[in-house]
There are 2 protein chains.
Amino acid sequence: MKSMVKPQHEARAKIIKAMAHPSRLFIIEALNKKEHCVGELTEMIGADASTISKHLSVLKNAGLVIDEKRSNSIYYSLRVPCIIDFFACIEDVLSANAKDSAKILKCCKK
Amino acid sequence: MKSMVKPQHEARAKIIKAMAHPSRLFIIEALNKKEHCVGELTEMIGADASTISKHLSVLKNAGLVIDEKRSNSIYYSLRVPCIIDFFACIEDVLSANAKDSAKILKCCKK
DNA sequence: AATGTATTTGGTAATATAGCCAAATAGCCA
DNA sequence: TGGCTATTTGGCTATATTACCAAATACATT
């Protein structure tokens, strides 16, 4: 059974790990609306340009975004848009968590 | 703009990060089929029981699974099943990646 | 060719994660 | 109660990740 864990799940985990960072999630969402160059994303997020560049390279390496050089800038865009659908489910988890927290609070107030 | 990155995306990232590990993906998939206790998952994955226990606590902490004590064991099950839908999208990414690799190979063979 | 803008790379320190072992805990059942 | 099984916790080491700065690179435009 052990053998079933490795190759497939490792490949998937790599992609999911690429999404698992606040700034990278922000980038994914921003690119879903429209393409952006590094400078724009840097401005939006407010971190060092080199930091954003590295985040983009993580996303690109995972196959989540593509880049295209145009005039003086490099424009990034989302490669596989279905990623966005996932966010709805994440929100479900968050709201379920919030509901549970509320329940615990209510029970202790009694 | 900087302010938009933090609270919402951090909460989401936390949940996604909880999924971003091969063994934890395996666990999520297994629990989607049916609930399992720690011992069963340990057996399936072939790691130390304490390691699996910690993985489960990561998943539980993120709100992805719930546990229920029954007789001598603790049974875990999936809390928000929509998680599974996401895997299809991950596969899309993987197959797009594979296609690209193939394209590169083909072009170099010429 | 020289300048200036945009992006990436290398180095480094701080922090986080993963795994194993040993030990602690929880609860069932004789 | 005392032993047994199942699970969790603490300690520790190895490895990975993140962010910043400084420096390198890539190009477009003058």
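These numbers come from the heavy atoms of this one structure, side chains and all, not from hydrogens, waters or symmetry mates. In what follows, chains are A, B, ... by sequence order, proteins preceding strands, each numbered from 1.
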Chemist: When you check the phosphate oxygens OP1 and OP2 of D:dT8, does a side-chain N or O of B:Ser50 lie under 4.0 Å from one of them?
Modeler: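 No, no such contact exists.
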
Chemist: Using whole Å, what does the distance between atom C1' of nucleotide C:dA18 and atom NZ of A:Lys14 come to?
Modeler: 18 Å

Chemist: Using the side-chain heavy atoms of A:His55, tell me which of these nucleotides is nearest: D:dT18, D:dA19, C:dA18.
Modeler: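 Per side-chain heavy atoms of A:His55, the pick is D:dA19.
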
Chemist: Do A:Arg79 and A:Asp67 sit within salt-bridge range, that is, some charged N less than 4.0 Å from a carboxylate O?
Modeler: no

Chemist: For A:His36 and C:dT7, what is the distance between atoms NE2 and P respectively, to the nearest whole Å?
Modeler: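 Checked: the NE2 to P distance equals 13 Å.
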
Chemist: Could you tell me whether the phosphate oxygens of D:dT18, OP1 or OP2, come under 4.0 Å of any side-chain nitrogen or oxygen in A:Arg24?
Modeler: yes

Chemist: List the atom pairs, donor and acceptor, that lie under 3.5 Å between side-chain atoms in residues 83-90 of chain B and the rest of the protein, sequence neighbours left out.
Modeler:
none

Chemist: Tell me, with the steps shown, if A:Glu35 and A:Arg70 meet salt bridge (charged side-chain N to carboxylate O under 4.0 Å, His left out).
Modeler: CA-CA 12 Å; A:Glu35 62 169 22; A:Arg70 226 157 56 226; 2.5 Å; yes

Chemist: Between A:His9, A:Gln8, A:Glu10, which is the residue that forms a side-chain hydrogen bond (donor to acceptor under 3.5 Å, both in side chains) with A:Arg12?
Modeler: A:Gln8

Chemist: CD/A:Glu40 to OH/A:Tyr75 distance, rounded to the nearest 0.5 angstrom?
Modeler: 5.5 Å

Chemist: Quick check on DNA chain D: between B:Gly39 and A:His21, whose nearest nucleotide comes earlier from the 5' end?
Modeler: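 Nearest-nucleotide comparison on DNA chain D picks B:Gly39.
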
Chemist: If I take atom CG in residue B:Asn61 and atom P in nucleotide D:dT9, what distance separates them, rounded to the nearest angstrom?
Modeler: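 One finds 11 Å between P of D:dT9 and CG of B:Asn61, rounded.
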
Chemist: Atom CD1 of B:Ile52 to atom P of D:dT8: distance rounded to whole Å?
Modeler: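 For the pair B:Ile52 CD1 and D:dT8 P, the rounded distance is 11 Å.
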
Chemist: Is there a path of hydrophobic side-chain contacts, each under 4.5 Å between heavy atoms of I, L, V, M, F, W or Y residues, that connects B:Met19 with B:Ile66?
Modeler: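 Per the 4.5 Å side-chain linkage, B:Met19 and B:Ile66 are not co-clustered.
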
Chemist: To the nearest angstrom, how far is B:Leu41 atom CG from D:dT8 atom P?
Modeler: 11 Å

Chemist: Tell me which nucleotide, if any, is Watson-Crick or G-U wobble paired with C:dA30 when both distances must be under 3.5 Å.
Modeler: D:dT1

Chemist: Say you draw a straight line from CZ of A:Arg24 to CG of A:Leu64; how long is it, rounded to the nearest 0.5 Å?
Modeler: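 With rounding to 0.5 Å, CZ (A:Arg24) is 9.5 Å from CG (A:Leu64).
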
Chemist: Could you say whether B:Asp48 or A:Ser57 is positioned toward the 5' end of DNA chain C, judged by the nucleotide with the nearest heavy atom to each?
Modeler: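 Counting from the 5' end, the first nearest nucleotide belongs to A:Ser57.
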
Chemist: Assign a letter to each nucleotide of nucleotides 24-30 of chain D from its 5' end: B, base within under 4.0 Å of a protein heavy atom; S, sugar-phosphate only; -, no contact.
Modeler: --SSS--

Chemist: Which listed nucleotide (C:dT8, C:dA6, C:dC21) is nearest to the side chain of A:Ser73?
Modeler: C:dA6

Chemist: Whole-Å distance between D:dA6 P and B:Tyr76 OH?
Modeler: 15 Å

Chemist: Looking only at the side chain of B:Val38 (C-beta and beyond, no hydrogens), which of the listed nucleotides C:dA18, C:dT7, D:dT7 gets closest?
Modeler: D:dT7

Chemist: B:Asp92 side chain to A:Cys82 main-chain N or O, any donor-acceptor pair under 3.5 Å?
Modeler: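 A pair under 3.5 Å: no.
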
Chemist: What one-letter contact string describes nucleotides 11-16 of chain C from 5' to 3', where B marks a base within less than 4.0 Å of any protein heavy atom, S marks contact via sugar-phosphate atoms alone, and - marks no contact?
Modeler: B-----

Chemist: Counting side-chain heavy atoms from CB outward, which of D:dC21, C:dT7, D:dT7 is closest to A:Ser53?
Modeler: C:dT7

Chemist: Please check if the side chain of A:Thr42 supplies one atom and the backbone of A:Val38 the other of a donor-acceptor pair under 3.5 Å.
Modeler: yes

Chemist: Would you find a donor on one side and an acceptor on the other, under 3.5 Å apart, between the side chain of B:Ser73 and the backbone of B:Lys69?
Modeler: no

Chemist: Can you check the A:Ile27 CD1 to D:dA19 C1' distance for me, whole Å?
Modeler: 14 Å

Chemist: What is the distance, to the nearest angstrom, from the NZ atom on B:Lys60 to the P atom on D:dT7?
Modeler: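 Value for this atom pair: 13 Å.
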
